[in-house]
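Just so we're on the same page: letters track the sequence lines, and every chain starts at 1.
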Amino acid sequence: MDFILEAAVRAVKTLFATDISAESLSLQQTRKEFEGDITIVVFPLTKFSQKPPEQTGTVLGEFLVNEVEAIESFNVIKGFLNLSLKNSYWINVFYQTINQPDFGSFPSNGKKVMVEYSSPNTNKPLHLGHVRNNLLGYSVAEILKANGYEVIKANLVNDRGIHICKSMIAWEKFGNGETPESSGLKGDHLVGKYYVIFDKEYKKQIEALKNQGETEEQAKKNAPLIKEAQEMLQKWEQGDEHVIALWKKMNCWVYAGFEETYKKLGVDFDQYYYESNTYLSGKDIVEEGLEKGVFFKKADGSVWIDLTAEGLDEKLVLRADGTSVYITQDLGTAQLKYNQYHADKAINVVGNEQDYHFKVLFLILKKLGRSWAEGLYHLSYGMVDLPSGKMKSREGTVVDADDLIAEMEATAKGQTDILGKATDFPEEEKQNLYHIIGMGALKYFLLKVEPKKRLLFDPNESVDFQGHTGPFIQYTYARIRSVLNKGGFKSDTVFMPVKTVSAVEKDLIIQLEQFPAFLTEAAINYSPAVIANYVYELAKLYNKFYHEESILKAEEEMVKGFRLQLSYVAANSIKKAMQMLGIEVPERM
RNA sequence: GCGCCCAUAGCUCAGCUGGAUAGAGCAACGGUUUUCUAAACCGUCGGUCUCAGGUUCGAAUCCUGAUGGGCGUACCA
């Protein structure tokens, strides 16, 4: 649309003798209820024209119709100049830009970005909150790829610490040697089971101590179980053979379980980091900060940074005993990642309860003079809430990821059966279809919402399969594939170009033409929701077209060819957009 | 206390750097299938955009304040 802007700038210069920039003009799509394709808001120009908005719009419209070949006509309503572009213009857009093999992705921009997501703790299985994280991270990575970035997907596994020691202690004490094999439990669930047992027994001990007259605080500190866990953590740090062996064994179970869940979710990683390897790093950065005077040491030996000038607080970066805190590690891993990849951007997909942490982290790196800190971004997302409130692992109110996936598949099967859709499909295709549709519904449900907003999930109400949903879009795709097959469409067939298009066809072309702009917007905002809402509009519009125009029984061969091509391009764009959301589309459903 | 985020239809959400009468889906009600897949299409119903000021020709959008909700403010991660 740059040519219209440019002509409008010329018009203002010629008619009103004023130089304006193209940015000062706003072009928008004409609203449905008015005639036209593109609208220029003329209010801002009245101060140059010294005329009322209607007159200003009219002279501008006349100038543009005469000067710009593509503009067919115009009308002015209040301060809005609506321009209608010629059919031939839109047809040209279709053949020249939309109907091209690489439409819907950008060539390499030579830049590298790391997206860190998932980053689970190894003491319990994944739940719905993790699912949102995984889907967001994967999707953002795909969106950036489509925008021309080279992407490294990273997973920083929190495999050490007091939490895993809790599971280990509980397993040793109450496990009787139970293994995933002996129990038939998935490894992560088995370990999670002992995490819950630890908490239960721990609470019992606290109660007992309180009955003996200790305060809540004392009891929490003095309960034998927590002491044992702390001792175990120390032994782990000292490299105690027995503890390390147990730790390795249980972590292996968890990894096997996670792998399974990741596979079902369809997410993957190029690079794993383990905190057991990185938890000591960052201390050298603390040294450096002290030397540079960015940090200061208190009398007890602890190291701090004063961020009060920035409106934040004083923040501890190293404990008095010289051990790391969370942010120490993160300083180290940020540096480690940069040293390894020299990425232009690095994104951390982490929940919004850590907003403050990342604010501080990035600020510290900037103060230390890391130029690459400018490219760091915390993709913060809201919690997933249940109608009853927040999910709590220990209270058993979490929605387990594996259970949820299984339920989604079951619902997909139920829906498919009710509609009698896949009755003649081979068994394998059926199973695959249930998975694709079930995951499509779930993923779309989670991704269509702006990341920073919190999300409400009601386990008692199944995720919809109709309307603004993943399956609706998948269905649209399958339907197109079906028409293309019936029409014997081949992507390399050459068709005679059409001379004219109908209103819906034009709308479809306009919608398709905007795909790259939405792609860019999604990347700038790190927002899969932008893609999700775009592809929904596209699918909706296609269904309207499908309903209004006959494709295979078009009045002319030329028109049939065009409609097939239009359908093909729509299908490709839907597929590409859905891929960016990590959602598969079935060939039939 | 201080800081950050959120508030749009009964419910779940869109609404781009301010622009026309604020849009979808679900739910409710009605219609469309001898025609390319009805997980679809079309229509009806539904709004003081939390409230109060301000900026502007124009505010759901920007600014200030208030209210309600969430999160953070650990020598936890």
Can you measure [X] atom [atom1] to [N] atom [atom2] for me and round it to whole angstrom units?
X	N	atom1	atom2	value
A:Asp306	B:rU73	CG	P	18 Å
A:Tyr536	B:rG23	OH	P	15 Å
A:Glu521	B:rU17	CD	C1'	10 Å
A:Ile480	B:rC36	CD1	C1'	12 Å
A:Lys540	B:rA24	NZ	P	6 Å
A:Glu314	B:rG3	CD	P	18 Å
A:Lys553	B:rC36	NZ	P	6 Å
A:Leu27	B:rG19	CG	P	14 Å

Choose from [options] the nucleotide whose nearest atom is closest to any side-chain atom of [X].
X	options	answer
A:Leu455	B:rU21, B:rC13, B:rC57	B:rC13
A:Val41	B:rA14, B:rG19, B:rC26	B:rG19
A:Arg31	B:rG23, B:rC26, B:rA14	B:rG23
A:Val483	B:rA39, B:rA20, B:rC36	B:rC36
A:Ile551	B:rC36, B:rA20, B:rA14	B:rC36

Set of residues satisfying side chain to side chain donor-acceptor pair (under 3.5 Å) with respect to A:Thr30, sequence neighbours excluded: A:Thr39
Pick the nucleotide of RNA chain B nearest each of A:Gln29 and A:Val530; which residue has the one closer to the 5' end? A:Val530
Please compare A:Leu552 and A:Thr30 by the position of their nearest nucleotide in RNA chain B and report the one closer to 5'. A:Thr30
Shorter than 3.5 Å, N or O on both sides, protein versus nucleotides 4-11 of chain B: list them out with atom names.
residue, atom, partner, partner atom, Å
B:rC6, OP1, A:Lys452, NZ, 2.5
B:rA7, OP1, A:Lys453, NZ, 3.0

Judged by atom type as modelled, is there a donor-acceptor pair below 3.5 Å linking the side chain of [X] to the main-chain atoms of [Y]?
X	Y	result
A:Thr323	A:Arg319	no
A:Tyr536	A:Ile473	no
A:Gln474	A:Glu584	yes
A:Glu275	A:Gln329	no

Give me, pair by pair, the N or O atoms of the protein and of nucleotides 42-46 of chain B that are less than 3.5 Å apart, along with how far apart they are.
none

Would you say whether [X] stacks on [N]? The test is a distance between ring centres of less than 5.5 Å and an angle between planes of less than 30°.
X	N	result
A:Phe34	B:rA20	yes
A:Phe43	B:rG19	yes
A:Tyr356	B:rG3	no

N or O in side chain of A:Arg479 less than 4.0 angstrom from B:rA38 OP1/OP2: yes
With respect to the phosphate group of B:rG25, does any side-chain polar atom (N or O) of A:Lys448 fall under 4.0 Å of OP1 or OP2? no
Decide whether a cation-pi geometry holds between A:Arg132 and A:Tyr381; the criteria are a distance under 6.0 Å from NZ or CZ to the six-membered ring centre and an angle within 45° of the ring axis. no
How would you label the contact of [X] with the nucleic acid (heavy atoms, under 4.0 Å): base, sugar-phosphate, or nothing?
X	value
A:Phe518	nothing
A:Lys47	nothing
A:Pro44	base
A:Phe465	base
A:Met383	nothing
A:Thr476	nothing
A:Ala529	nothing

What is the base-pairing partner of [N], counting Watson-Crick and G-U wobble geometry with both distances under 3.5 Å?
N	value
B:rA40	B:rU32
B:rG58	none
B:rU64	B:rA52
B:rG25	B:rC11
B:rG46	none
B:rC2	B:rG72

The residue among A:Asn251, A:Asp188, A:Asp159, A:Asn158 that forms side chain to side chain donor-acceptor pair (under 3.5 Å) with A:Thr122 is A:Asn251
Qualifying residues under salt bridge (charged side-chain N to carboxylate O under 4.0 Å, His left out), relative to A:Asp464, sequence neighbours excluded: none
Can you tell me if [X] has over 12 outside heavy atoms packed within less than 6.0 Å of its [atom1]?
X	atom1	result
A:Lys220	NZ	no
A:Glu557	CD	no
A:Glu217	CD	no

Atom C1', compared across B:rC45 and B:rA7: separation rounded to whole Å: 25 Å
Taking the same atom, P, in B:rA38 and in B:rU32, what whole-Å distance lies between them? 15 Å
Centroid-to-centroid, A:Tyr279 to A:Trp236, below 6.0 Å? yes
Are A:Phe515 and A:Phe518 close enough that their ring centers fall under 6.0 Å? no
Does A:Thr39 contact B:rA20 through a side-chain donor or acceptor facing the base, at a distance under 3.5 Å? yes
Check if the side chain of A:Asn82 and the base of B:rA20 share a donor-acceptor pair of N or O atoms closer than 3.5 Å. yes
Indicate yes or no: does A:Lys337 engage A:Glu116 in a salt bridge with an N to O separation below 4.0 Å. yes
Sequence neighbours excluded, the answer for ring pair (Phe, Tyr, Trp, His ring centres under 6.0 Å) partners of A:Phe562 is A:Phe94
Please list each protein N or O that sits under 3.5 Å from an N or O in nucleotides 75-77 of chain B, with the distance.
residue, atom, partner, partner atom, Å
B:rC75, O3', A:Arg319, NE, 3.4
B:rC75, O2, A:Ala320, N, 3.2
B:rC75, N4, A:Asp300, OD2, 2.0
B:rC75, N4, A:Ser302, OG, 3.4
B:rC76, OP2, A:Arg319, NE, 2.6
B:rC76, OP2, A:Arg319, NH2, 2.3
B:rA77, OP1, A:Arg319, NH2, 3.2
B:rA77, OP2, A:Tyr326, N, 3.1
B:rA77, O3', A:Glu275, OE1, 3.4
B:rA77, O2', A:Asn158, ND2, 3.0

